[in-house]
Amino acid sequence: MKDKYNPDIAWVYSSDLEPTVIIGKNPLESLKSVIRRMNVEYTDGLPKEVYASILKEQLYEDNKWILQMLPKEMIDLLMEIWENNQIEMNQERWDLIQYLKLFGLVTYRRGNPMTDEPNELYYLEEMKDAFYFLLKSKKSRAIIKEYDEWEHLLSGLLYYYGLIELRVLYERFTQIIKKVIPYDTFLSYIKSRCSFWGMGMILQDVNNDTEYFQHVNVDNPELILLYIREHSDLPYKTLKKEDLIYTSASGGLDNRWKGVGELGKVFLDEMKMDYYHATVMVKMIVILIQNSCEWKELQGKLANLPFQSESIKEEAVQAVQSLYDNVPIYEYKGFSRKEFNKMFHQKQLKKKKEMFTIIEGGK
């Protein structure tokens, strides 16, 4: 029934509320952060309504923002809301609704199982009138698709590199897409794209104004930056487009990295963990390794796990050793320890060969 609570369903209604009213209900710092990401100058200390109006005006004045800032899954959800009187809901979708509310596109009222009130979503007629046909057009769908691919490629690069100068990230990115875009366009995209806001942060080196992107998985950016500078002659690993998309889609845990599947099997089959717990454990160990965790420290963390036998423990240790050798390391600019050691060995051999010169005519 329409008036009954169902946690997995939300009923959809239109609203004639003014968008700035909904935008203004968001936290002040969130509004100011979005405006900054749009590269708009503003004065501090103004009423929240002023910042709400600035945000709305920017969306209206340049429709690139709604295409650039909202990822495809968010736009698809918005279209579903606009075109249906009820939609299925889960926690991931409620999280996306928070962003749609930030831009004044949707507001909501969560249901209550105690009073049997249903979940309700309200889209703003004014925003639908302004953007429905824009988002529905073939041209926009092509742009949305392209931006979605950009997001996956950049996410994949960040999962590999961890901390990287934005200019270098731009160079790697344009090489992969085989297309030259202005650096300002790239910078605007990466700063304003919703999907990147929780993935990391942009840092600025106060000594030389260099900007870096720090992935959320990086534990100590100062230390990683020191390591990267020590390896200044090491190029960033060249990565394939399909590998970046795969790594991005899998949340930075590529089960093709040797050791991932083996350790997951130990946790699932031998230690009887549920899938979510096992995935979290593998991910935690991978992140430690990527942050240059030493082997003895990893062994210490493994010692705290409740192994049922020495054979299971040994199997886990072997899997982690494989991870330790084969997972991409931030310090090594996306190369694994195994790859880095191989390159270092080849470099040493080359140096040895260059120590001698063959004398023609000698016996």
Distance (rounded to the nearest 0.5 Å) between [X] [atom1] and [Y] [atom2]:
X: Ile23; Y: Tyr51; atom1: CD1; atom2: OH; value: 15.0 Å
X: Tyr227; Y: Ile329; atom1: OH; atom2: CD1; value: 11.5 Å
X: Ile287; Y: Asp219; atom1: CD1; atom2: CG; value: 7.5 Å
X: Phe267; Y: Thr279; atom1: CZ; atom2: OG1; value: 10.5 Å

Establish whether Leu28 and Leu55 are linked, either directly or via other cluster members, by ILVMFWY side-chain heavy-atom contacts under 4.5 Å. yes
#### Entry: Same cluster (ILVMFWY, side-chain, under 4.5 Å), Tyr183 and Tyr212
yes
Can you confirm whether the side chains of [X] and [Y] place a donor and an acceptor under 3.5 Å from each other?
X: Gln290; Y: Tyr332; answer: no
X: Tyr122; Y: Glu120; answer: yes
X: Tyr108; Y: Gln98; answer: yes
X: Arg36; Y: Tyr42; answer: yes
X: Gln68; Y: Ser188; answer: yes
X: Tyr246; Y: Asn255; answer: yes
X: Glu165; Y: Thr210; answer: no
X: Gln91; Y: Asp95; answer: yes

Check ion pair [X]-[Y] (N to O, under 4.0 angstrom):
X: Asp205; Y: Arg229; answer: yes
X: Glu149; Y: Lys241; answer: yes
X: Lys237; Y: Glu339; answer: yes
X: Glu211; Y: Lys191; answer: yes
X: Glu146; Y: Arg141; answer: no
X: Asp325; Y: Lys258; answer: no
X: Lys72; Y: Glu151; answer: no
X: Arg337; Y: Glu331; answer: no

Quick one: are [X] and [Y] in side-chain contact, heavy atoms under 4.5 Å?
X: Leu187; Y: Leu166; result: yes
X: Cys293; Y: Leu298; result: yes
X: Ile66; Y: Leu134; result: yes
X: Tyr123; Y: Val12; result: yes
X: Leu302; Y: Lys313; result: no
X: Lys4; Y: Pro118; result: no
X: Leu169; Y: Leu158; result: yes

Any donor-acceptor N/O pair, [X] side chain to [Y] backbone, under 3.5 Å:
X: Lys48; Y: Asn26; value: yes
X: Ser33; Y: Glu29; value: no
X: Lys333; Y: Tyr330; value: no
X: Asp116; Y: Tyr5; value: yes
X: Ser53; Y: Glu49; value: yes

Besides Leu268, the hydrophobic cluster formed by Ile, Leu, Val, Met, Phe, Trp and Tyr side chains linked at under 4.5 Å, directly or via other members, contains Tyr275
inquiry  = If you apply the rule side chain to side chain donor-acceptor pair (under 3.5 Å), what do you find for Arg256 with Thr247, and how did you get there?
reply    = CA-CA 9 Å; Arg256 297 170 302 177; Thr247 304; 4.6 Å; no
Evaluation steps, ring-ring contact (aromatic ring centres under 6.0 Å, His included), between Trp65 and Tyr147
CA-CA 12 Å; Trp65 291 117; Tyr147 282 162; over 10 Å; no
Within a 6.0 Å radius of atom [atom1] on [X], are there more than 12 heavy atoms belonging to other residues, nucleotides or ligands?
X: Asp16; atom1: CG; result: no
X: Glu242; atom1: CD; result: yes
X: Asn39; atom1: CG; result: no
X: Glu88; atom1: CD; result: no
X: Glu83; atom1: CD; result: yes
X: Lys64; atom1: NZ; result: yes

So that I know where these two stand, are His215 and Tyr161 an aromatic pair - ring centroids less than 6.0 Å apart? no
side-chain contact (heavy atoms from CB on, under 4.5 Å) filter on Asp274, not counting sequence neighbours, yields Tyr276, His277
Run the side-chain contact (heavy atoms from CB on, under 4.5 Å) test on Ile176 and Leu157 for me, step by step, so that the C-alpha distance in whole Å, both residues' side-chain angles and the decisive distance to 0.1 Å come before the verdict. CA-CA 10 Å; Ile176 292 165; Leu157 287 167; 3.9 Å; yes
Checklist entry - Between Met89 and Asn6, does a side-chain contact (heavy atoms from CB on, under 4.5 Å) hold up when you go through it step by step? => result CA-CA 10 Å; Met89 293 298 292; Asn6 183 335; over 6 Å; no
Paired with Phe173, the ring-ring contact (aromatic ring centres under 6.0 Å, His included) test is passed by just one of Phe213, Phe186, Tyr236, namely Phe186
### Cation-pi check, Lys128 onto Tyr132 ring (under 6.0 Å, within 45° of axis)
yes
Quiz item: Does NZ or CZ of Lys56 come closer than 6.0 Å to the centre of the six-membered ring of Tyr60, within 45° of the ring's axis?
Solution: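 Yes, Lys56 sits over the ring of Tyr60.
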**OP:** Begin with the C-alpha distance, continue with both residues' side-chain angles, and end with the deciding distance and a verdict on side-chain contact (heavy atoms from CB on, under 4.5 Å) for Tyr170 and Ile164.
**Re:** CA-CA 10 Å; Tyr170 165 73; Ile164 183 170; over 6 Å; no
Note to self: Walk me through whether Phe103 and Cys194 qualify under side-chain contact (heavy atoms from CB on, under 4.5 Å).
What the structure shows: CA-CA 11 Å; Phe103 295 101; Cys194 285; 3.8 Å; yes
Between Asn291 and Asn220 the two heavy atoms that sit nearest each other are OD1-N, 4.3 Å
*Kindly assign one of parallel, tilted or perpendicular to the pair Trp257 and Tyr160, based on the angle between their ring planes and the thresholds 30° and 60°.*
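Perpendicular, since the angle between the ring planes exceeds 60°.
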